[in-house]
A.B. asks: 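Quick one: the structure is below, questions incoming.
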Amino acid sequence: MEEKKTFYITTPIYYPSAKLHIGHSYCTVATDMMARYKRMRGYDVMFLTGTDEHGQKIELKAKEAGVTPKEYVDNIVSGVKELWRLMNISEHRFIRTTDDYHEESVQKIFKALYDKGEIYKGKYKGKYCTPCESFWTDTQLVDGKCPDCGREVIDAEEEAYFFRLSKYADRLLKLYEENPGFLEPKSRMNEMVNNFIKPGLEDLCVSRTSFTWGVPVDFDPKHVVYVWVDALSNYITALGYGNGKYHDYEKYWPADVHFVGKEIVRFHSIIWPAILMALDLPLPKKIYGHGWLNFNGEKMSKSRGNVVDPAILCQRYGVDSLRYFLLREFPFGSDGNFSNEGLISRINSDLANDLGNLVSRTVSMVEKYFGGTLPAEREADPLDQEIEEMASALKAKVEAQMEAYQFQNALTEVMKLVSRTNKYIDETAPWVLGKDPEKKARLATVLYHMLESIRVASIYLAPCMPGTSEKIWKQIGANTPEICSWDSAGEFGKLPANVTVAKGETLFPRIDMAKELEALEGERQKLLAKEQPAQKPENTTGATSQKAEKEPVEGVTSLIAIDDFAKVQLRVAQVVSCEKVEKSDKLLKLQLDDGSGEPRQVVSGIAAWYSPELLVGKKVIIVANLKPAKLRGVLSQGMILAADAGENDVRVIFADPEIPNGSTVR
Ligand code: MSP
């Protein structure tokens with residue numbers, strides 16, 4: 001028997017440091033669509049995803065939460081897996097970098113690199129971004145700040161092992177030149193060459209001694225393996241490289257494609273191939289760097305309070321609607337702007353109006369005119385031909401787009417057939433044919449064409465909307481796997497001539513835009529409130545802290561004249577950075593942009609309710625003409641407005657992000 005061709009596809013392994021949002025789901029859904037497509041085409045597919053669980057950030061978060069790092073990640077990883085179940089992700093393997101077998105392999109890989117002289121011990125002096133756990137060179141910093149997250153970096157120095165990345169520059173350039181498809185889209189390759197390789201690669205720090213939550217370097221245990229050697233190796237350790245847990249490295253490696261977000265393209269297209277070259281292992285065939293999803297034009301991040309929760313959307317609109325939207329709306333290689341309006345209008349137009357309506361009209365008419373079972377008689381008309389030809393030509397078009405990872409185009413092609421079939425209904429007017437007993441054979445022919453067209457479209461839609469396709473197949477009487485297979489979609493006329501349909505539930509109920517937008521905003525607010533810690537601090541002495549010691553205000557106690565109020569200068573300012581004040585549980589130190597061009601520092605007693613990263617990027621209202629004061633020895637130039645939101649709750653008053661910094665509040 002001929003062996004099946006293999007297809008190995010991966011997603012990035014996710015940091016379990018925060019709840020996954022729609023941006024994370026985007027890549028996983030795309031990978032899932034690709035994996036399902038290849039499976040339907042008869043490939044032996046390996047689809048890997050997982051979690052990247054080591055590092056200082058996790059160690060710190062666990063400490064804050066008062067649990068061990070392992071307990072901390074266990075808790076979050078179960079949520080990640082739950083989300084993938086909800087999103088109907090069909091991965092074969094889920095790797096955790098804390099899995100024993102992975103750790104064993106990473107130690108072996110590290111040692112092998114060391115023994116080959118590819119890793120050496122040195123001293124690291126550099127700029128370090130704590131939230132991103134990344135060292136950066138001076139040239140990589142943007143305005144002196146972390147190029148990834150824009151936050152402050154600190155000077156760091158420690159003994160560390162280094163990987164000889166610098167020596168691979170020429171081999172990498174050659175790799176790109178000889179394999180133009182190695183990194184896609186093409187623009188990403190240009191970026192790697194011009195921004196990273198040509199200016200000169202530096203050796204890469206691959207161990208740390210300042211924290212312990214990592215894979216220990218077994219021959220020098222005060223070091224733990226630092227980030228990328230650990231994380232990137234997952235793609236081979238999950239196949240059993242260097243461990244006895246799995247045995248399919250030979251079968252699946254090299255990977256056919258690693259799907260990754262644009263900001264980690266550098267690690268996958270420079271560091272990963274260099275590590276593999278150093279180990280004398282084959283390189284993945286392709287890295288595809290997809291774009292980012294923004295929300296209403298802004299980067300999605302917890303600190304901006306604009307993350308979109310995929311679970312809520314699945315719950316409200318069904319997982320397939322969300323999967324369809326993600327893959328139909330945005331070209332895979334570019335950034336996209338997620339908006340609730342966009343989601344709802346796409347569901348209403350493509351799924352409720354076009355697809356759902358087509359299925360329900362067709363099945364209803366077969367029931368109405370023929371009691372659910374078509375007669376076998378036919379009467380052809382030239383009008384049918386266009387549908388037949390379009391359906392038959394679709395296979396090659398969809399496959400070409402899928403092979404190029406153009407999910408948006410593939411779905412657009414399928415939906416063209418759906419629209420054309422809706423038009424065919426108008427052209428053939430089955431309701432007129434239904435009135436004429438002489439036209440039974442013609443009516444049966446028209447309805448059969450509608451059913452066949454739905455069958456073909458639903459097969460091509462199955463990798464994206466597997467649950468919906470199954471439901472459609474049941475309704476249109478496509479009852480055997482053979483007539484729902486990928487290959488069968490290439491042939492028109494596979495449904496039995498006397499097919500029996502079965503009306504089912506409405507596939508995509510129409511959504512009331514205004515009502516849903518309001519409901520989604522409510523959900524977002526709830527989520528925000530849930531994420532903010534709600535314990536009351538002891539007596540706070542910060543600039544806003546007076547409120548914390550008071551009961552919530554019932555009413556206005558004394559009246560002031562408008563002139564008195566005018567003395568208070570209120571301005572909108574944006575939080576540029578924020579950190580806890582040393583040795584204080586209550587105070588946060590915020591650097592603000594108040595539009596004056598000069599930095600303004602304010603100390604505020606809100607540490608019990610806001611972790612610093614939640615505030616960065618937010619617009620707040622400050623009392624700009626308050627006399628400067630020192631709190632715990634730290635200068636505070638003003639005060640941030642906040643409200644008593646309950647007995648144990650204080651909330652900062654955030655201003656509309658559209659208001660320019662420095663605007664007067666009156
Ligand atoms: N742990 C690393 C990956 C290691 S792979 C060997 C990591 N994890 S992550 O959880 O921070 O990000 C996982 C993926 O989610 C990345 O590919 C990233 O680009 C993607 N996304 C995070 N936010 C995103 C959007 N808003 N939009 C699209 N993808 C985004 O990086």
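Since the structure is predicted, the reported quantities are computational estimates derived from the model, not experimental observations. Counting starts at 1 for both ligands and their atoms, following the listed order. In what follows, residues are counted from 1 in the order of the sequence shown. Note that these values count all heavy atoms, side chains included, but never hydrogens, waters or copies made by symmetry.
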A.B. asks: Considering both backbone and side-chain atoms of G261, is one of its nitrogen or oxygen atoms within less than 3.5 Å of a nitrogen or oxygen in ligand 1?
C.D. replies: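 Yes; at least one N/O pair falls below 3.5 Å.
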A.B. asks: Hey, does Y235 sit under 4.0 Å from ligand 1 if you only count heavy atoms?
C.D. replies: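 Flag set, Y235 near ligand 1.
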A.B. asks: For ligand 1, which atoms sit closer than 4.0 Å to a heavy atom of G291?
C.D. replies: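 Answer, ordered by atom number: 28 (C).
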A.B. asks: Kindly confirm or rule out an N or O of H268 lying under 3.5 angstrom from an N or O of ligand 1.
C.D. replies: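 Checking ligand 1 against H268, no N or O pair falls under 3.5 Å apart.
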A.B. asks: Is the ring centre of Y124 less than 6.0 Å from the ring centre of F162?
C.D. replies: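 Distance test on ring centres: under 6.0 Å, yes.
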A.B. asks: Step through it carefully: locate the ring centre of Y405, locate the ring centre of Y37, and say whether they are under 6.0 Å apart.
C.D. replies: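 No, ring centres 6.0 Å or more apart.
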A.B. asks: Is the shortest distance from a heavy atom of H290 to ligand 1 less than 4.0 Å?
C.D. replies: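 Yes.
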A.B. asks: Any idea which protein heavy atom is nearest atom 20 (C) of ligand 1, and the distance to it?
C.D. replies: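 Nearest neighbour among protein heavy atoms for atom 20 (C) of ligand 1, to 0.1 Å: H24 CD2, 4.3 Å.
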A.B. asks: Give me the nearest non-hydrogen protein atom to atom 23 (N) of ligand 1 as residue plus atom name, then the distance to 0.1 Å.
C.D. replies: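 Among all protein heavy atoms, the one nearest atom 23 (N) of ligand 1 is H21 CE1, 3.4 Å.
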A.B. asks: Does the ring centre of Y120 sit less than 6.0 Å away from the ring centre of F163?
C.D. replies: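 No, too far apart.
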A.B. asks: Specify the protein heavy atom at minimum distance from atom 19 (O) of ligand 1: its residue, its atom name, and the distance to 0.1 Å.
C.D. replies: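 In this structure, atom 19 (O) of ligand 1 has E263 OE1, 2.7 Å as its nearest protein heavy atom.
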A.B. asks: May I ask you to decide whether E118 forms a salt bridge with K167, counting only side-chain N to carboxylate O separations under 4.0 Å?
C.D. replies: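 K167 and E118: salt-bridged.
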A.B. asks: Should F7 and F47 be marked as a ring-ring contact (aromatic ring centres under 6.0 Å, His included) after you check the CA-CA gap, both sets of side-chain angles, and the distance that decides it?
C.D. replies: CA-CA 8 Å; F7 185 76; F47 166 10; over 10 Å; no
A.B. asks: Name the closest protein heavy atom to atom 2 (C) of ligand 1, giving the residue it belongs to and the distance to 0.1 Å.
C.D. replies: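 Nearest neighbour among protein heavy atoms for atom 2 (C) of ligand 1, to 0.1 Å: I13 O, 3.4 Å.
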A.B. asks: With a 6.0 Å cut-off on ring centres, are F259 and F332 close enough?
C.D. replies: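 Judged by ring-centre distance (under 6.0 Å), F259 and F332 do meet the cut-off.
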A.B. asks: Among all protein heavy atoms, pick the one closest to atom 28 (C) of ligand 1 and tell me residue, atom and distance.
C.D. replies: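 Minimum-distance protein heavy atom for atom 28 (C) of ligand 1 reads G23 O, 3.3 Å.
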A.B. asks: Around atom 10 (O) of ligand 1, find the nearest protein heavy atom and jot down its residue, atom name and distance.
C.D. replies: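 That would be Y15 N, 3.0 Å.
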A.B. asks: Give me the residue, atom name and distance of the protein heavy atom closest to atom 27 (N) of ligand 1.
C.D. replies: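 The closest heavy atom on the protein side is L293 N, 2.8 Å.
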A.B. asks: How about NZ on K245, more than 12 heavy atoms from neighbouring residues, nucleotides or ligands closer than 6.0 Å, or not?
C.D. replies: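 Incorrect, the count does not exceed 12.
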